[in-house]
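Structure, as structure tokens:
Model, not experiment: these values are computed from the prediction.
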Amino acid sequence: MARPTQARLDLGALKHNVSVARKLAPHSKLMAVVKANAYGHGAATIAGALQSHADAFAVASLEEAAVLRDAGITLPILLLEGLFEACELAVAAQLDVWLSIDNEQQLQWLEKAVLPAPLTCWLKVDTGMNRLGAAPANALHYYQRLMATPNAADNVVTYTHFASADDVHNEQTSQQIAVFDGLTFSAARSAANSAALLAWPLAHYDWVRPGYMLYGHSPMAQDHPNAQTLQPVMALTSAVIALRNVAVGESVGYGGTWVAQRPSVIATVTIGYGDGYPREAPNGTPVLVKGQRAALAGRVSMDMITVDVTDLEHVQRGAEVVLWGAGLPLGEVARWANTIGYELTTRMPQRTPRVIVNA
Ligand SMILES: *Cc1c(COP(=O)(O)O)cnc(C)c1O
């Protein structure tokens, strides 16, 4: 029998989550963000499943765009950081991608290029994130230059990105919307990531750009009604491969960080940080064993974890274990591990087989 560790991908859940996004922003086009290998799920799989459900895709680099084109994706693909070198323009034209224009240099590369056909450009405006994009005071000038160069198509989209949309009480989002609304030229607009799509209807504009919510998770700092029906796409699963009794005072795992306070039953599960389970997960982190909650006991190893199943009945070798998925939200595990769900799926290594269900 093969090692039972898997990242199961429920493509039915993915399509359901897109329909949730569509219903919340019915007047906006939908750009599905599939950067970083679709947040670790597998870019070709996710984009392939969304090909007839999204209006465009977004990635972080030309290399990521090439993966999608190689997989037969024909929808538009936006490069969220634009180009890093002038020489990428030829490949960008060949792959027929959309360019983000963030700065003077990228604009000059475009103006000076000789291209077979104009490229669609998204002009990024920095409304307060202070990371990328033209200053609002320069945006009109950039827009006029894009309209003037024959290398940019006429359908320029102006866009911005929110720093704090996951917190409905944070005033920064309203401030960013006000700056964005203050731009005077009449290009199409885009601002909303998942959080703004879920919680800031004023920010939907012409294009929404959800990523995280499509994978079935809420980015919101507080529970939000619009996020309640999202369904997790990835379930990280494994199985018990050994069981042992541990006496009071004995320790479990590297460093002996967990010590039995009572006669205990410890289940060894074949999954570890080499499979994308976070090493930072401390003793007590919840794990589902045969659908019942149990707690991590001992440090996460590369290939194994150990779980206290003393209070569970009928746990045997082969019992199914869920590390996150239905019944155990990714975000809950991420909080235990002092990170966010985005990071947990995104750093899922190649070794973990992606198994598609509900194709
Ligand atoms: C990653 C990204 C998104 C998607 O963000 P989520 O929080 O995953 O929805 C949208 N826009 C830009 C510019 C991004 O970099």
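A salt bridge does not link Arg69 to Glu63: none of the charged side-chain nitrogens sits closer than 4.0 Å to a carboxylate oxygen. Ion pairing of Asp55 with Arg22 is present here, as a side-chain N (NZ or NE/NH1/NH2) and a carboxylate O approach within less than 4.0 Å. The residues Asp311 and Arg262 are annotated as salt-bridged, a charged nitrogen and a carboxylate oxygen being separated by less than 4.0 angstrom. For Glu280 and Arg335, the salt-bridge test fails: no basic side-chain N is under 4.0 Å from an acidic carboxylate O. Between Glu111 and Arg145 a salt bridge is recorded (basic side-chain N to carboxylate O distance below 4.0 Å).
Between the side chain of Gln176 and the backbone N or O of Ala163, at least one donor-acceptor pair lies under 3.5 Å. Looking only at distances, no side-chain donor or acceptor of Arg8 sits under 3.5 Å from a matching main-chain atom of Gln6. Judged by distance alone, the side chain of Arg293 and the main-chain N or O of Pro286 form no donor-acceptor pair under 3.5 Å. Of the possible polar contacts, none joining the Asn138 side chain to the Ala134 backbone as a donor-acceptor pair under 3.5 Å is found. Distance alone, capped at 3.5 Å, is enough to place a donor-acceptor pair between the Ser218 side chain and the Met220 backbone. Between the side chain of Glu320 and the backbone N or O of Thr237 there is no donor-acceptor pair closer than 3.5 Å. Side-chain N or O atoms of Gln51 include one that pairs as donor or acceptor with a backbone N or O of Gly72 at under 3.5 Å. Of the possible donor and acceptor atoms, none in the side chain of Gln108 sits under 3.5 Å from a partner among the backbone N and O of Gln105. Asp166 places no side-chain N or O within 3.5 Å of a backbone atom of Ala221 that could act as its donor or acceptor partner. Between the Trp200 side chain and the Ala195 main chain, no donor and acceptor come within less than 3.5 Å of each other.
Residues Tyr142 and Thr158 form no side-chain contact, since every pair of their non-hydrogen atoms from C-beta on lies 4.5 Å or further apart. Contact check for Leu79 versus Ser100: no side-chain heavy atoms found under the 4.5 Å cut-off. Annotation: side chain of Arg189 is not in contact with side chain of Val157 (no heavy-atom distance under 4.5 Å). For the pair Leu214/Tyr39, no side-chain contact is recorded, criterion being any heavy-atom separation below 4.5 Å from C-beta on. The side-chain heavy atoms of Ile271 and Leu323, taken from C-beta on, include a pair separated by under 4.5 Å. Side chains of Leu296 and Val300 form a contact here, defined as non-hydrogen atoms less than 4.5 Å apart. Between Tyr342 and Pro219, some side-chain heavy-atom pair lies under the 4.5 Å cut-off. No side-chain heavy atom of Trp122 sits less than 4.5 Å from a side-chain heavy atom of Leu99.
Ring pair Phe180/Tyr205: centre-to-centre distance below 6.0 Å. Outside the 6.0 Å centre-distance limit, the rings of Trp324 and Trp336 are not counted as a close aromatic pair.
Taking both residues in full, the closest heavy atoms of Asp275 and Met348 are given as O-SD, 3.2 Å, listed atom of the first, atom of the second, then distance. Between Thr306 and Ala297, the closest heavy-atom pair is OG1-O, 2.5 Å. Nearest heavy atoms, Ala71 versus Ala44: CB-CB, 3.7 Å. Pairing each heavy atom of Asn151 with each of Ala113, the nearest pair is ND2-O, 2.8 Å. Closest approach of Trp98 and Ala56 over heavy atoms only: CZ3-CB, 4.4 Å. In plain terms, the two heavy atoms of Ser164 and Gln172 that are nearest each other are OG-OE1, 2.6 Å.
Considering CZ of Arg317 and CG of Leu243, their distance stands at 8.5 Å, rounded to 0.5 Å. With rounding to the nearest 0.5 angstrom, the NE2 atom of His41 is 7.0 Å from the OH atom of Tyr215. Here the OG-CZ distance, from Ser61 to Phe84, works out to 6.5 Å after rounding to the nearest 0.5 Å. Remark: Leu78 CG to Met31 CE distance equals 4.5 Å, nearest 0.5 Å. Taking CE of Met302 as the start and OH of Tyr254 as the end, the distance is 8.0 Å to the nearest 0.5 Å. Atom CG of residue Leu288 and atom CG of residue Leu328 lie 4.5 Å apart, to the nearest 0.5 angstrom.
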Test side-chain contact (heavy atoms from CB on, under 4.5 Å) on Val34 and Leu68; report intermediate values, then the result.
CA-CA 10 Å; Val34 294; Leu68 297 187; 3.8 Å; yes
Report the C-alpha distance between His161 and Arg131 in whole Å, list the side-chain angles of each, state the deciding distance to 0.1 Å, and finish with yes or no for side-chain contact (heavy atoms from CB on, under 4.5 Å).
CA-CA 9 Å; His161 194 55; Arg131 197 177 61 174; 3.3 Å; yes
Kindly determine whether Thr120 and Asn155 satisfy side-chain hydrogen bond (donor to acceptor under 3.5 Å, both in side chains), including the steps that lead there.
CA-CA 6 Å; Thr120 294; Asn155 57 346; 3.3 Å; yes
If you apply the rule side-chain contact (heavy atoms from CB on, under 4.5 Å), what do you find for Leu110 with Leu146, and how did you get there?
CA-CA 9 Å; Leu110 183 72; Leu146 283 171; 3.7 Å; yes
Trace of the side-chain contact (heavy atoms from CB on, under 4.5 Å) decision for Leu198 with Met213:
CA-CA 9 Å; Leu198 288 165; Met213 71 174 286; 3.9 Å; yes
Show the numbers, then the answer: is there a side-chain hydrogen bond (donor to acceptor under 3.5 Å, both in side chains) between Asp167 and Gln222?
CA-CA 7 Å; Asp167 178 1; Gln222 305 91 4; 3.0 Å; yes
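Residues Leu202 and Val179 fall into different hydrophobic clusters, defined by Ile, Leu, Val, Met, Phe, Trp and Tyr side chains chained together at heavy-atom separations under 4.5 Å. No continuous path of hydrophobic side-chain contacts links Met304 to Val269 [ILVMFWY only; heavy atoms under 4.5 Å]. Transitive grouping of hydrophobic side chains (ILVMFWY, heavy atoms separated by less than 4.5 Å) brings Val156 and Val97 into a common cluster. Under the 4.5 Å side-chain heavy-atom criterion for Ile, Leu, Val, Met, Phe, Trp and Tyr, Leu115 and Ile101 are members of the same hydrophobic cluster. Val233 and Ile356 end up in the same hydrophobic cluster when Ile, Leu, Val, Met, Phe, Trp and Tyr side chains are linked at under 4.5 Å.
In the displayed structure, Lys15 atom NZ is contacted under 6.0 Å by more than 12 heavy atoms of other residues, nucleotides or ligands. The neighbour count for Asp70 CG, taken as heavy atoms of other residues, nucleotides or ligands under 6.0 Å away, is above 12. Within a 6.0 Å radius of CZ in Arg244, no more than 12 heavy atoms belonging to other residues, nucleotides or ligands are found.
Arg3 and Thr270 share a donor-acceptor pair across their side chains, judged by distance under 3.5 Å alone. Side-chain atoms of Arg209 and Ser190 include a donor-acceptor pair closer than 3.5 Å. No hydrogens or angles considered: nothing links the side chains of Tyr212 and Thr345 as a donor-acceptor pair under 3.5 Å.
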